[in-house]
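Taking it in order: structure first as structure tokens, then the write-up.
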Amino acid sequence: MLVSEPASPKRENTISNPESSPKHSESGTSDESSGTLRHRLLGPSIQKSGQDGVNQAAVSEIIYQASQGSKYFEHQKRKEKELTKKVESIVKQAAKVSNQELEAAEVRVDALIRQYEATRDLTQTIVHVDCDAFYASVEELDHPELKSKPFAVGKGVLCTCNYVARKFGVRSAMAEFVAKKICPELIVLRLNFPKYIEKSNAIRMILSEYDPRHCAMTLDEAYLNITEYCANMNKDREEVVSEMRRRIFETTGLTVSAGIGPNSRVAKIASNVNKPNGQCAIANDREAVMEFMCNLPVRKITGIGYVLERQLLALDVNSCGEIYRKSALLYQIFTDTTMTFLLNCYLGLGSTEVKPIDQYERKSVGCERSFRAISDMAQMKQKLQHVAEDLEKDCKRLNLAGRKLGLKLKKATFEQISRQRPMPRPINTASDFYRYGLQMLEKELPITVRLIGLRITDLVNLSHEGPMKTFLKGQRRHNDRLEDEPSTSMNIHAEFKELFDGSPDMHDDEEIGELVMIIQGSQEEDASGVIDDYRSSAKATAARDIKNEYELQHNTATPLMPVPESESLPLSTDSGDSATALVSCPICGNQVSADDQALNHHVDWCLSRGAIREAVKETFN
DNA sequence: ATACATACC
DNA sequence: TACTGGTATGTAT
């Protein structure tokens, strides 16, 4: 049996077999791909916990039969065929690599490994907390009678399902009608986000006691750094985490699983090991981490999905440890970024910094909607208009505008098209979204679509910019890129009016916060060392430039203010007793500080990250 | 830089 | 009887 490949694993001999490796005879692209097609159709959550005694073959067959002949099915079939081709070409490419090349690659890889190894930080204790079947569990609290029945939450596509349903082979991300074929008595509940948000907040409240700067990724998942807490309380980390989980259960009735390790990557993977309602700790010890990673199937790693897994399997890399055995070969085949990623996985390295989600800079905001396939222009215009309006709402709420607009179309065949173009000025109104979106759409006619989406990038934060600054930014942009539309001062005046009509001005320090985020972001990358140097330095330069620009325009070189709440006073109770008045958040109803900034902060959080939108927006077709 | 693909929840 | 939506990021050209 394969006992560990412990401390000093052997790399596979460079004289590796061009001939003997292909164990899957992928050669018959036509027929043989039906096996992998079934695999593809099974979807992403196949290797997740919860369905032990499931007859996968039977389930797979039902899914196959249920979807056969549909447009979706045909699309998946095409994609699978393409992937199979790509995998075959990779295998061929691998066979051509000479021993000389492999030896050279070995040297390079070893240098990389030493470089990454030097960044290893074992001083922090990171926890990944993951609620078990979150939406379903929340629903069970309200409907205890459901506990014994198979049920799911979602609409059209299942978001999650309880463990009873999983026994049938029902999984998240599965189409509702397929799930009903597998489990005819399946009950499907609609999403009820306000409820989930409330529970999520209750959990986060507890998490905050252990790490006030925890990072809530979604409603049901968060990272914590409990290093300080453990030190302060002089408690063992596993004890701390099980206490935390117990408290979450006692106050919310929900069970969570947790992973504990020296960094986010290890913690995240570990949180799945003893799911549901369990925890798994990996010691902050190099050997322990390496051993944990070694036998891990590559698909368990966040960031390795179906496609990369297929490619790795074809190169005979099944487990993380085999990344090392085959590293010289992988180096010849994958890009630098992917190689860096894979080696960091093999080494069990990852980020040790945890910071609140709202300290990440948003890069884009978009809106898309599916509907029954249409080709009529009037109907498409109507859909586009809806999307444009919804996007405007998000822009107004977030106080953002975009310098680029992207149009996304999904054809009736599920084939996707995306077009992007720079805007003459930052835009954030439905009428602009519609106008420019329509121009892009018209170029694709005739077309039959089942989805239309709009997304803006190159964002401009309008929150606290005075009108003058917006004016300047518009100008600068025009000068930069030899405008595609002449910018008259009339134009800019018109835009200015549009942007600021009826929108509040106030707060003037959030932009500084924004700058801090940018700068911190780049520092983080520098420190972690796993991100390519050129990228972080470019980003740092950009951040400096922005900062300088800011100082220039405001005629002040004030030290950057610390970012809101958590960082400035995590536990301090001294100052501002007067500011502790509480009000109910209009969104989630929780008590939050009435302090203007804190409230705004909270509301923004509450509304953002996509969760509430699904509750608020009805998607009528 | 743009288009398209992959991945995550 | 009808296979999501939002965001980030990687790859290819």
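Chain A is the first sequence line, chain B the second, and so forth, proteins listed ahead of strands; every chain is numbered from 1.
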Do NZ/NE/NH1/NH2 and the carboxylate oxygens of A:Glu80 and A:Arg310 come within less than 4.0 Å?
yes

Report the relative orientation of the aromatic rings in A:Tyr196 and A:Tyr135; use parallel for angles under 30°, tilted for 30 to 60°, perpendicular for over 60°.
parallel

With a 4.0 Å limit, can you tell me whether A:Lys79 has a side-chain N or O closer than that to the phosphate oxygens OP1/OP2 of B:dA5?
no

Hey, which of these two, A:Gln420 or A:Asp220, hits DNA chain B nearer its 5' end, going by closest nucleotide?
A:Gln420

To the side chain of A:Leu451, which of C:dC3, B:dC4, C:dG5 is closest?
C:dG5

Shortest side-chain distance from A:Tyr306, nucleotide among C:dT4, B:dA7, B:dA3:
B:dA7

Stepwise side-chain hydrogen bond (donor to acceptor under 3.5 Å, both in side chains) test for A:Thr338 and A:Thr335
CA-CA 5 Å; A:Thr338 303; A:Thr335 63; 3.0 Å; yes

Could you check whether any side-chain heavy atom of A:Ile417 comes within less than 4.5 Å of a side-chain heavy atom of A:Arg419, counting everything from C-beta outward?
yes

How close or far is atom P of C:dT4 from atom NZ of A:Lys71, stated in whole angstroms?
14 Å

If you check the A:Thr337 side chain, which of C:dG10, C:dG5, B:dC4 turns out closest?
C:dG10

Run the salt bridge (charged side-chain N to carboxylate O under 4.0 Å, His left out) test against A:Lys410 and tell me which residues pass, sequence neighbours left out.
none

May I have the distance from A:Arg40 (atom CZ) to C:dC3 (atom P), rounded to whole angstrom?
17 Å

Looking at C:dC3, does its base get a donor-acceptor pair with the side chain of A:Ser67 below 3.5 Å?
yes

As a test of reading the structure: which of C:dT7, C:dT4, B:dA1 is closest to the side chain of A:Ala173, going by heavy atoms?
C:dT4

So, is A:Arg421 near the phosphate of B:dT2, with a side-chain N or O under 4.0 Å from OP1 or OP2?
no

Whole-Å distance, A:Arg455 CZ to C:dT7 P, equals 5 Å

Can you tell me how far P of C:dG6 sits from CD1 of A:Ile357, to the nearest Å?
17 Å

Residue A:Leu308, side-chain heavy atoms: nucleotide from C:dG6, C:dA8, B:dA7 that is nearest
B:dA7

If you look at every strand shown and take non-hydrogen atoms under 4.0 Å, does A:Glu221 touch a base, only sugar-phosphate, or nothing?
sugar-phosphate

Can you find a side chain N or O atom of A:Ser418 that sits less than 4.0 Å from OP1 or OP2 on B:dA3?
no

Taking the minimum atom-to-atom distance to the side chain of A:Lys404, which one of B:dT2, C:dT1, B:dC4 wins?
B:dT2

Under 4.0 Å between a side-chain N/O of A:Ser364 and OP1 or OP2 of C:dA8, yes or no?
yes

C:dC3 OP1/OP2 closer than 4.0 Å to side-chain N/O of A:Arg450:
yes

May I ask you to say what A:Gly305 touches in the nucleic acid, namely base, sugar-phosphate or nothing, with a heavy-atom cut-off under 4.0 Å?
sugar-phosphate

Please determine whether a side-chain nitrogen or oxygen atom of A:Lys268 lies at a distance below 4.0 Å from atom OP1 or OP2 of B:dC9.
yes

Check the distance between C:dA12's P and A:Asp336's CG and give it to me in whole angstrom.
12 Å

Write down the distance separating the C1' atoms in B:dA7 and C:dT4, rounded off to the nearest Å.
15 Å

A:Thr302 side chain N/O closer than 4.0 Å to the phosphate oxygens (OP1, OP2) of B:dA7?
no

A:Glu139/A:Lys195 ion pair, N-O < 4.0 Å
yes

Name the nucleic acid region contacted by A:Arg419, choosing base, sugar-phosphate or nothing; use a 4.0 angstrom heavy-atom cut-off, strictly under.
sugar-phosphate

Reckon A:Lys408 has a side-chain N or O less than 4.0 Å from the OP1 or OP2 of B:dA3?
no

Starting at CD1 of A:Ile269 and ending at C1' of B:dC8, how long is that distance when rounded to a whole Å?
14 Å

Hey, does the side chain of A:Arg362 come within less than 4.0 Å of C:dA8's phosphate (OP1/OP2), counting only N and O?
no

Which nucleotide in the set C:dT11, B:dA7, C:dT7 lies at the smallest distance from any side-chain heavy atom of A:Val307?
B:dA7

Which value, rounded to the nearest 0.5 Å, describes the distance between A:Lys155 atom NZ and A:Leu191 atom CG?
9.0 Å

By nearest-nucleotide position on DNA chain C, the 5'-leaning member of A:Lys86 and A:Gly156 is A:Gly156

For residues A:Cys367 and A:Val387, report the shortest heavy-atom separation together with the two atoms involved.
O-CG1, 3.3 Å

Closest approach to the side chain of A:Cys367, judged atom by atom: which nucleotide of B:dA1, C:dG5, C:dG6 is it?
C:dG6

Considering every strand and a 4.0 Å limit on heavy-atom distances, what is the contact class for A:Ile301: base, sugar-phosphate, or nothing?
sugar-phosphate

Any A:Thr338 side-chain N or O less than 4.0 Å from OP1/OP2 of C:dT11
yes

Find the distance A:Ile374:CD1 to C:dA2:P and express it as a whole number of Å.
18 Å

Nearest listed nucleotide, side chain of A:Lys410, among C:dT11, C:dT4, C:dC3
C:dT4

Looking only at B:dT2, C:dA12, C:dT9, the nucleotide nearest the A:Lys363 side chain is C:dT9

